[in-house]
Asks: 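One structure, as structure tokens, below. Some questions next.
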Amino acid sequence: MRLDKFLAHTGFGTRREVKILVKSKAIQVNEVVVKDSSMHIKETTDQVSVYGEIVKYKEFIYLMLNKPAGVVSATEDSRDRTVIDLLDVDVHHFEPYPVGRLDKDTVGLLLLTNDGALTHRLLSPNKDVPKVYFAKVEGLVDESDIQAFADGVTLDDGYKTKPGILNILSNGSISEIELSITEGKFHQVKRMFESVGKKVVYLKRLSMGALKLDESLAEGTYRELTEEELESL
């Protein structure tokens, strides 16, 4: 990899800014001062330092975000704040994007990465990756809804969902439930309850595959996945 590309990818500025660092003799490769920012290096074995600080190469980034309400699951939007706006600028150069989407008013687990292969595996319809949600629902959720979701319900556009596993935590005028589904259609959880005459008033994603929301993360904050979490995906 070209040295200027390597340093740009690790957050040390544009290629022009890297040239300035080279002119100031701030960059070393294997303890030798660099004279040409276009030189090629082996990014995984060569030792690169800037002002004496060793630069560690990392191709991919994996972030767990506890998404708050009011932001959209997109990389850019002309009207609303996006989940990317919640990230520190020092990770922007990785160009992370949300894996799937949560509705603007839905909160909870959202994975952001720049790893296309992992994204494909998690979102591919034939992988049946389960996603678990907690919801508060207007109306009495009962055994008939459990059976309806297990059979698959027909949405307002005529699409019949794959089976979902509905667990009732409490029921009454406002029922609390957990629902596991393997699809991610537009507003799917809300539309599934609408199909049985009920309305979701609060929705939070708890998990995606083996990845579970770290409840110590305040809404709007994030952290990198641990090695164990990444391995589980």
Side-chain angles (χ1 to χ4, degrees), residues 64-84 96-113 115-213 232-233:
M64 177 193 297
L65 170 70
N66 188 352
K67 178 190 171 298
V71 297
V72 295
S73 300
T75 55
E76 57 184 27
D77 191 276
S78 59
R79 294 178 299 175
D80 296 307
R81 292 182 74 204
T82 73
V83 292
I84 302 301
Y97 51 81
V99 178
R101 56 172 292 151
L102 294 179
D103 302 333
K104 183 178 177 180
D105 57 349
T106 299
V107 302
L109 175 66
L110 187 65
L111 175 64
L112 296 104
T113 187
D115 185 340
L118 177 62
T119 299
H120 175 73
R121 289 198 299 273
L122 291 174
L123 297 182
S124 178
N126 61 4
K127 296 295 184 181
D128 286 333
V129 175
K131 305 164 192 70
V132 178
Y133 296 84
F134 167 81
K136 295 181 180 180
V137 182
E138 280 186 357
L140 184 68
V141 180
D142 57 24
E143 292 293 328
S144 65
D145 299 314
I146 292 177
Q147 188 58 55
F149 281 26
D151 294 338
V153 295
T154 302
L155 304 182
D156 49 10
D157 59 359
Y159 176 79
K160 184 172 181 179
T161 67
K162 291 182 178 181
I165 302 172
L166 177 61
N167 180 29
I168 301 171
L169 304 177
S170 67
N171 56 11
S173 57
I174 299 291
S175 299
E176 296 187 352
I177 64 91
E178 283 188 1
L179 175 63
S180 176
I181 58 176
T182 59
E183 299 174 292
K185 302 294 183 183
F186 182 68
H187 292 314
Q188 180 162 343
V189 175
K190 296 174 183 176
R191 293 164 67 202
M192 288 177 74
F193 277 100
E194 286 171 2
S195 74
V196 293
K198 299 175 177 69
K199 181 180 179 181
V200 172
V201 294
Y202 174 82
L203 186 60
K204 177 179 183 178
R205 183 154 70 188
L206 303 178
S207 64
M208 182 178 192
L211 184 63
K212 296 182 179 179
L213 176 65
S232 75
L233 289 177

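The residues of the chain are indexed from 1 along the displayed sequence.
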Asks: Does T161 reach the side chain of I181, with side-chain heavy atoms less than 4.5 Å apart?
Replies: no
Asks: If you compare all heavy atoms of P163 against all heavy atoms of A150, which two are closest, and at what distance to 0.1 Å?
Replies: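 That closest heavy-atom pairing would be CB-O, 3.1 Å.
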Asks: Has K67 got a side-chain atom pairing as donor or acceptor with K104's backbone, closer than 3.5 angstrom?
Replies: yes
Asks: Is there a donor in the side chain of Y133 and an acceptor in the side chain of T106, or the other way round, less than 3.5 Å apart?
Replies: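 T106 and Y133 do not have a side-chain donor-acceptor pair below 3.5 Å.
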Asks: At their closest point, which heavy atom of N126 faces which heavy atom of S124, and how far apart are they?
Replies: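 Scanning both residues completely, I find the closest heavy atoms to be OD1-OG, 2.5 Å.
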Asks: Working to the nearest 0.5 Å, report the span between CG of L122 and CG of L211.
Replies: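 So the CG of L122 and the CG of L211 are separated by 8.5 Å.
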Asks: Once you round to the nearest 0.5 Å, how far does OH of Y97 lie from OG1 of T119?
Replies: 3.0 Å
Asks: May I have the step-by-step check of side-chain contact (heavy atoms from CB on, under 4.5 Å) for D157 and K185, ending in yes or no?
Replies: CA-CA 11 Å; D157 59 359; K185 302 294 183 183; over 6 Å; no
Asks: Which atoms form the tightest heavy-atom contact between L112 and L65, and what is the distance?
Replies: CD1-CB, 3.6 Å
Asks: Of all the heavy-atom pairs spanning T75 and P98, show the shortest one and how long it is.
Replies: CG2-CD, 4.1 Å
Asks: Donor-acceptor pair, distance only, cut-off 3.5 Å: does the side chain of R205 make one with the backbone of G108?
Replies: no
Asks: State the CG-CE distance between L110 and M64, to the nearest 0.5 angstrom.
Replies: 11.0 Å
Asks: For the atom pair OG (S144) and CZ (F149), what is the distance rounded to the nearest 0.5 Å?
Replies: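 The distance works out to 9.5 Å.
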Asks: Atom NZ in K160, atom OG in S195: separation rounded to 0.5 Å?
Replies: 11.0 Å
Asks: Could you measure the distance from the CG atom of D142 to the CD atom of Q147? Nearest 0.5 Å is fine.
Replies: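 It is 11.5 Å, given to the nearest 0.5 Å.
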Asks: Which heavy atom of V141 sits nearest a heavy atom of L166, and at what distance?
Replies: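 Looks like CG1-CD2, 3.9 Å.
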Asks: Contact between L213 and N66 at the side-chain level, heavy atoms closer than 4.5 Å - yes or no?
Replies: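 Answer yes - side chains close enough.
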Asks: Report the C-alpha distance between M192 and L155 in whole Å, list the side-chain angles of each, state the deciding distance to 0.1 Å, and finish with yes or no for side-chain contact (heavy atoms from CB on, under 4.5 Å).
Replies: CA-CA 6 Å; M192 288 177 74; L155 304 182; 4.0 Å; yes
Asks: Between L123 and G100, what is the shortest heavy-atom contact and its length?
Replies: CD1-N, 3.6 Å
Asks: Is the count of non-hydrogen atoms from other residues, nucleotides or ligands lying under 6.0 Å from I174 atom CD1 greater than 12?
Replies: yes
Asks: Starting from the C-alpha separation in whole Å, work towards a yes-or-no answer on side-chain contact (heavy atoms from CB on, under 4.5 Å) for I168 and D145.
Replies: CA-CA 10 Å; I168 301 171; D145 299 314; over 6 Å; no
Asks: Got a sec: does the NZ of K199 have more than 12 other heavy atoms crowding it under 6.0 Å?
Replies: no
Asks: Give a yes or no on whether the backbone of G70 and the side-chain of R81 come within a donor-acceptor separation of less than 3.5 Å.
Replies: no
Asks: Check the pair L169 / E178 against side-chain contact (heavy atoms from CB on, under 4.5 Å), numbers first and verdict last.
Replies: CA-CA 7 Å; L169 304 177; E178 283 188 1; 4.0 Å; yes
Asks: With a 4.5 Å cut-off on side-chain heavy atoms, are E138 and F193 touching?
Replies: no
Asks: Using modelled atom types and a 3.5 Å cut-off, is there a donor and acceptor pairing between side-chain atoms of D103 and backbone atoms of D105?
Replies: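 Judged by distance alone, no pair lies under 3.5 Å.
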